[in-house]
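All remarks here apply to the structure that follows.
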Amino acid sequence: MRALELPSQLGGETSELNKTLRRSPSLAKAARAAHNLRLALAYLKAADRMIEVDDFPHDGSSDKGG
């Protein structure tokens, strides 16, 4: 999975990108802080997709307790 390779390619910038993303509503704007814009944007998009997937219930149950 390429998404798991991207942080190691970015090195120490990964943490800074994550912080920048929290302050910015735009993936593109957050990526501009990196030395490699294309790689940073790919990482942020992959991380965003992973977060979206993680937000869904995994076992078919809901948080409503029903």
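Position 1 is the first residue of the sequence; numbering continues from there. This structure is a prediction, so every number in the text was calculated from the model and none was measured.
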Reported CG-to-CD distance for the pair Asn36 and Glu13, which is rounded to 0.5 angstrom: 8.0 Å
Nearest 0.5 Å please: distance from the CZ atom of Arg22 over to the CG atom of Leu17. 11.0 Å
Ser26 and Leu21: which non-hydrogen atoms are nearest, and at how many Å? O-CD1, 4.3 Å
Could you report the tightest heavy-atom contact between Leu10 and Tyr43, atom names first, then the distance? CD1-CB, 3.4 Å
Examine distances only and state if a side-chain atom of Thr20 and a backbone atom of Glu16 form a donor-acceptor pair shorter than 3.5 Å. yes
For Leu39 versus Gln9, what's the shortest heavy-atom pair and its separation? CD1-OE1, 3.2 Å
Heavy-atom closest contact (Lys45 atom, Leu27 atom, distance): CG-CD1, 3.8 Å
Sorted by chain and residue number, the side-chain hydrogen bond (donor to acceptor under 3.5 Å, both in side chains) partners of Asp48 (sequence neighbours excluded) come out as none
What heavy-atom pair brings Ala30 and Ser24 nearest, and what distance separates the two atoms? N-OG, 4.1 Å
Sub-3.5 Å donor-acceptor pair from the side chain of Thr14 to the main-chain atoms of Pro7, do we have one? yes
